Amino acid sequence: MTIPRHNDINASPVWAKLHQHQRATRHMHMRELFDTDSRRFDKFSLEFDGLLLDYSKNRLTERTLSLLFELAEAADLTGWMDRMRSGERINISENRAVLHTALRLPESASLMVDGRNVVPEVHAVLRAMKQFTDTVRAGAWYGIEGRPVTDVVNLGIGGSDLGPQVVTEALAPYATPDLRIHFVSNVDGQDIARTLARLQPETTLFIVASKSFTTPETLLNAEAAKKWFVKRTGQGDIRRHFVAVSANPEAVEAFGIDPANRFTFWDWVGGRYSVWSAIGLPVMMAVGYERFCQLLDGAHTMDNHFFGASFTRNMPVILALIGVWYNTFYGAHTHAIMPYDHGLRRLPAHIQQLDMESNGKRVGRHGERLDFDTGPVIWGEEGVNSQHAFFQLLHQGTRLVPCDFIVPMNTHYPVDHQHAVLVANCFAQSEALMRGKGEAEVLAELAHLTGDELDMLLPQKLFPGNQPSNTLALDRVTPRTLGMLLALYEHRVFVQGVIWGINSFDQWGVEYGKQLARRILPELKAPDQALAHDSSTNGLIRHFRRQYHAD
Ligand code: F6P
């Protein structure tokens, strides 16, 4: 197979047809679509293995969908799915395969990359993780004073933090109560300092999680943790207290970590797709090997669905195409993610990295300039807190903001009828966003008013509605359903990247700021060094020099 050279999707006939279709249907209101078709939910919802996707509250018809499926064909989505699945080097700017799906293959499967079956390697690492986490969880991994581990600190950032953090939080009901898991990511010293202040070095285990083992934020935190450990214990040997997850063995060893305690992964696993690899070590530490395998199994189930189902019954494909519809053809700039589950509260941050680092690109795979908008701004917050923060804008603001509501039907924490209240709020929001509230309804509510007061209040109480949303209803947040959910979003991002002709697996855009920070750092510390930035940056550096008091 070869990687097609030109991205000319916006020159395809279906691109023009979709624009035309958008112009023809943009005044259509979803309320009318529901009023005129009692079967709309049946037509535009999909259930798969305990996961329900309701996409009926979208500004679309059967014609919209069929054009979007045509668009997917024009972008050769099937070809790209095959290329990814088979290990072709579709991350061409880094000359890498993209095989996070291989991390969740069962041991009996086989996947050849560069003439080697990678599945046994994947399972060998899983076994090593099992052996290690079983030992720690059993209280049989002894620190310097022969005491068992009570606290595990994951030091990592980006994909080496967000994925494992979301999953560990979400699966808290399955976690062993004897181990506390902490995540430290920020180079802001208060992150590590506040965490360390709660810990005893003799019973703490640090996981230094960095694929490259060159990420400054992570290495600085790891050095700070090492210093703290050595100072507090008087021990120079850190090997019982520091392990690493990394693809860089030399750097891990140079840090002082026993090579036997390095858990590896491969260049074909992108950081933001790595929770399924050894980067998931804190997850396995919290919930154990079996449950980690259930997480992988959930993701694998979603992979099979994605690679196997026709576009018309394919959850990631449908979600991705609906996103393209708003983003590209409606000009929506953002997409909101609202998990109605406290354990999933960090999910928007994870999907933000997953989506924005993948599809926040202005050029195509071969460097060609793209003449249309690509990845949206992803943002969000847990429900119902978000209702009391930004929903006002969704209901009565001027912007089109497509939303995803994610909600489990059952809770691990039954407190009176609070779960039903939570679900009621979730369903009510999507209903209100869709329906809006028209003049007749408001007038009926304000029947006691007349004159100026009525004129003033009426427009303020109107809700335009027609604000689109998808609802993903899980039976319950379990390792398996969570695996399905995360893989669903990974594939959604992939499909959108394919439609837009993007390489979703590199991230050159994060390099420049890092480069400039390396230049500014010594300038902050050297008061006499001449500055040659713009006047704003120079002014800020000088301000810091005047204000900062080193301890
Ligand atoms: O932010 C850039 C990035 O490379 C992410 O893609 C990655 O998840 C993160 O930094 C951490 O990288 P590493 O695991 O190599 O420390």
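In listed order, ligands and their atoms are each counted from 1. The structure displayed is predicted, hence computed values, not measured ones.
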Under the 3.5 angstrom rule, does the side chain of D191 hit a backbone N or O of S185 as a donor-acceptor pair? yes

Testing V493, T374, N503 one by one against N359 for a side chain to side chain contact (heavy atoms under 4.5 Å, CB included), which residue passes? V493

Interfacing atoms of ligand 1 (cut-off 4.0 Å, heavy-atom, [X]):
{"X": "V510", "value": "2 (C)"}
{"X": "I157", "value": "9 (C), 11 (C)"}
{"X": "T215", "value": "12 (O), 13 (P), 15 (O), 16 (O)"}

Out of curiosity, L105 CG to S110 OG, how far, rounded to the nearest 0.5 Å? 9.0 Å

Could you pull out all donor-acceptor pairs under 3.5 Å where a side-chain atom in residues 477-492 meets a protein atom, sequence neighbours excluded?
unit_1	atom_1	unit_2	atom_2	d
T478	OG1	R480	N	3.3
T478	OG1	T481	N	3.0
T478	OG1	T481	OG1	3.1
R480	NH1	D297	OD2	2.7
R480	NH1	T301	OG1	3.2
R480	NH2	D49	OD1	3.3
R480	NH2	D49	OD2	2.6
T481	OG1	R476	O	2.6
T481	OG1	T478	N	2.9
T481	OG1	T478	O	3.3
Y489	OH	D404	OD2	2.6
E490	OE1	R104	NH1	2.9
E490	OE1	R104	NH2	2.9
E490	OE2	W276	NE1	2.7
H491	NE2	D303	OD1	2.7
R492	NH2	H335	NE2	3.4

For [atom], what's the nearest protein heavy atom and its distance?
{"atom": "atom 8 (O) of ligand 1", "value": "G159 N, 2.7 Å"}
{"atom": "atom 15 (O) of ligand 1", "value": "S212 OG, 2.6 Å"}
{"atom": "atom 1 (O) of ligand 1", "value": "E357 OE2, 3.2 Å"}

Any N/O of [X] closer than 3.5 Å to an N/O of ligand 1?
{"X": "Q353", "value": "yes"}
{"X": "K211", "value": "yes"}
{"X": "G158", "value": "no"}

For atom 6 (O) of ligand 1, is some protein heavy-atom partner under 4.0 Å away? yes

Do the charged groups of R346 and E169 touch, with an N to O distance under 4.0 Å? no

Can you tell whether the side chains of R127 and E107 come within less than 4.0 Å, N to carboxylate O? yes

More than 12 heavy atoms of other groups within 6.0 Å of Q131 CD: no

Should the ring pair H100 and F505 be called parallel, tilted or perpendicular, given that the plane angle runs from 0 to 90° and is split at 30 and 60? tilted

Heavy atom of E217 under 4.0 Å from ligand 1? no

